Amino acid sequence: MHNKTILITGGAGFIGSHVVREFVLKYPEYRIVNLDALTYAGNLANLNDIENKPNYSFVKVDITQANIIMDVFHEYKPDGVIHLAAESHVDRSIVDPLAFVMTNVIGTVNLLNAAKTIWDGDFKGKRFHHVSTDEVYGTLGETGLFTETTSYDPHSPYSASKASSDHFVRAYHDTYGLPVVLTNCSNNYGPNHFPEKLIPLCIHNILNNKPLPIYGDGKFTRDWLFVIDHAKAIDLVFHDGKEGESYNVGGFNEWKNIDLVKELCKQMDEKLGRSEGTAAELITFVKDRPGHDLRYAIDATKINRELGYQPSVTFEEGLSKTIDWYLNNQDWLDQVTSGEYQHYYQKQYQG
Ligand code: NAD
Ligand code: DAU
């Protein structure tokens, strides 16, 4: 018998699949329901190892469908919601902003309405955890860090849609008393990362001797966290975070894109037994991303001080594990890069 039902949205995606695994294995007393529409980014193969666990189930639902979402909430009566489902790629948001409004804004409001309806003012033991991003804060110059009180200043349609969803989550707390928590995390990397994003795209292209496209001058900076360390932070904040509050999540691990890609090339050459410098020859500077934020860097002091959070792996270890995963799971890469990915890649990099 399960003592709580936790609905995890976007559980077939990159981060969501690691969150689902963490919860299914760590909390056998919880019933974990993975709700996902299985867009191009969702892949149930990410969860092969836990799909037969007795506390796991999957529902294929699109969060933009308000009535169906309400039915799911009536059927499963979740005590907790961990909301990760989103359109997540900045470049795609530049091409099709409305898809981001639909899923990230309308979809989030549909979930908030469903939680508000079934909890009906009885919030004891209930929690809605909204998983957001550091991109809502906009961009930093050469110095400084984003804290939880940094003003929102999104620049891409993706970050504008995430910022909007964060505002709705807070509004439902302030207006209806919905018991919410939010996390705003920096760039994740690790196994199961879709190869439209910088690190897996470069791994895939190195394996196929294709150019490594670096936007602009490559001096744009991101703060990288191993995905399993993000999943652990979500577990901590979901259980112990203070209601109504936000927690920034990051690893104090900033890299300029060009330095990161050179490090990746070095490790790939070693692991593939190629002579040093082979992969780096593929580096190609290409047209910049419009509205490209110069630098993201998270001040993760609050989650450390209040909840004792610390990342468990160094970047060197995390990157090495990530490359090993891709080298050992080339079937996964082949599967996700067939079909729709080819059209996307063609348009984005050769169109
Ligand atoms: P992803 O694109 O890999 O996965 C998104 C998942 O959501 C997929 O399984 C997809 O099928 C599902 N989905 C998309 N639209 C849906 C819809 N309308 N209804 C139901 N399911 C839908 O994304 P990710 O990188 O794993 O990001 C997960 C969450 O974490 C997002 O909310 C994102 O904004 C946030 N986030 C991501 C990062 C990062 O570096 N990737 C960092 C901070 C925060
Ligand atoms: O900061 C958190 C965010 O990180 C998440 O909210 C997003 O969902 C996630 O996609 C990620 O956004 P970024 O835009 O930072 O990630 P991406 O991997 O697309 O790009 C990382 C950096 O690399 C960025 O400066 C753009 C650059 N880049 C990216 C691609 C795909 C390139 O130079 N070339 C590329 O081909």
Side-chain angles (χ1 to χ4, degrees), residues 8-20 34-44 46-47 59-65 68-69 82-93 99-100 102-104 106-108 110-111 130-137 139 146 156 158-159 161-162 165-166 183-190 192-202 205 211-225 227 230-231 234 248-250 255-258 260-261 283-289 292-298 336 345 348-349:
I8 301 181
T9 73
F14 167 46
I15 302 170
S17 60
H18 291 279
V19 175
V20 166
N34 172 12
L35 182 157
D36 199 296
L38 300 182
T39 68
Y40 78 92
N43 188 349
L44 287 177
N46 294 348
L47 293 163
V59 278
K60 183 173 183 301
V61 169
D62 183 336
I63 60 170
T64 65
Q65 304 299 307
I68 302 176
I69 288 297
I82 304 179
H83 174 36
L84 297 107
E87 288 292 341
S88 70
H89 192 36
V90 173
D91 293 324
R92 289 185 191 253
S93 81
F100 286 67
M102 294 308 292
T103 287
N104 299 359
I106 310 283
T108 299
N110 286 338
L111 292 164
H130 180 58
V131 177
S132 192
T133 168
D134 61 357
E135 299 203 9
V136 298
Y137 298 123
T139 187
F146 297 133
S156 71
Y158 163 69
S159 55
S161 69
K162 290 297 289 189
S165 67
D166 290 14
T183 41
N184 293 81
C185 189
S186 63
N187 285 62
N188 286 213
Y189 69 97
N192 308 100
H193 204 182
F194 195 83
E196 64 191 352
K197 310 280 168 57
L198 181 68
I199 292 181
L201 184 139
C202 288
N205 285 11
L212 309 180
I214 308 291
Y215 295 160
D217 63 5
K219 300 219 171 102
F220 298 84
T221 301
R222 298 292 183 263
D223 181 356
W224 295 91
L225 183 73
V227 63
H230 186 189
I234 289 172
N248 281 356
V249 186
W255 286 81
K256 287 195 181 359
N257 294 336
I258 186 65
L260 171 65
V261 171
I283 291 175
T284 309
F285 291 92
V286 299
K287 190 160 68 71
D288 204 359
R289 169 187 281 175
H292 198 170
D293 287 330
L294 176 67
R295 177 171 163 259
Y296 303 147
I298 278 281
V336 303
Y345 196 86
Q348 178 68 15
Y349 296 100

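Start at 1 and go down the list; that is how both ligands and their atoms are numbered. The structure presented is a predicted model; accordingly, all values stated were derived computationally and were not measured.
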Among [options], which residue places a heavy atom closest to [atom]?
atom: atom 7 (O) of ligand 1; options: Ala41, Ala86, Gly42, Gly13; value: Ala86
atom: atom 19 (N) of ligand 1; options: Ile63, Asn46, Ile15; value: Ile63
atom: atom 1 (O) of ligand 2; options: Ile298, Asp217, Asp223, Asp134; value: Asp134
atom: atom 10 (C) of ligand 1; options: Leu111, Asn184, Asn110, Thr39; value: Thr39
atom: atom 3 (C) of ligand 2; options: Lys256, Lys162, Glu135, Gln348; value: Glu135

Using distance alone, determine whether [X] and ligand 1 share an N or O pair under 3.5 Å.
X: Glu87; value: no
X: Ser132; value: no
X: Leu35; value: no
X: Ala85; value: no
X: His230; value: no
X: Asp36; value: yes
X: Cys185; value: no
X: Tyr40; value: no

Per-atom contacts of ligand 1 with [X], taking only distances under 4.0 Å to non-hydrogen atoms:
X: Tyr158; value: 33 (C), 34 (O)
X: Leu38; value: 11 (O)
X: Asp62; value: 17 (C), 18 (N), 19 (N)
X: Lys162; value: 31 (C), 32 (O), 33 (C), 34 (O)
X: Asn187; value: 40 (O)
X: Val131; value: 30 (O), 32 (O)

Before signing off on this row, confirm whether [X] and ligand 2 have an N or O atom pair separated by under 3.5 Å.
X: Leu198; value: yes
X: Ser186; value: no
X: Leu201; value: no
X: Tyr296; value: no

query = Tyr349 vs Tyr345 aromatic rings, parallel, tilted or perpendicular, using cut-offs 30° and 60°?
reply = tilted
For ligand 1, is [X] a contact, meaning one of its heavy atoms is under 4.0 Å away?
X: Ser17; answer: no
X: Ala12; answer: yes
X: Val61; answer: yes

Mark up the atoms of ligand 2 that fall under 4.0 Å of a heavy atom belonging to [X], in ascending order.
X: His89; answer: 19 (O)
X: Glu196; answer: 31 (C)
X: Tyr349; answer: 30 (C), 31 (C), 35 (C), 36 (O)
X: Lys197; answer: 10 (O), 18 (O)
X: His292; answer: 24 (C), 25 (O), 26 (C)

ask   = To which protein heavy atom is atom 16 (O) of ligand 2 closest, and what is the distance rounded to 0.1 Å?
value = Asn187 ND2, 3.5 Å
task = Tell me which protein heavy atom sits closest to atom 8 (O) of ligand 2, plus the residue, atom name and distance to 0.1 Å.
result = Ser88 O, 2.7 Å
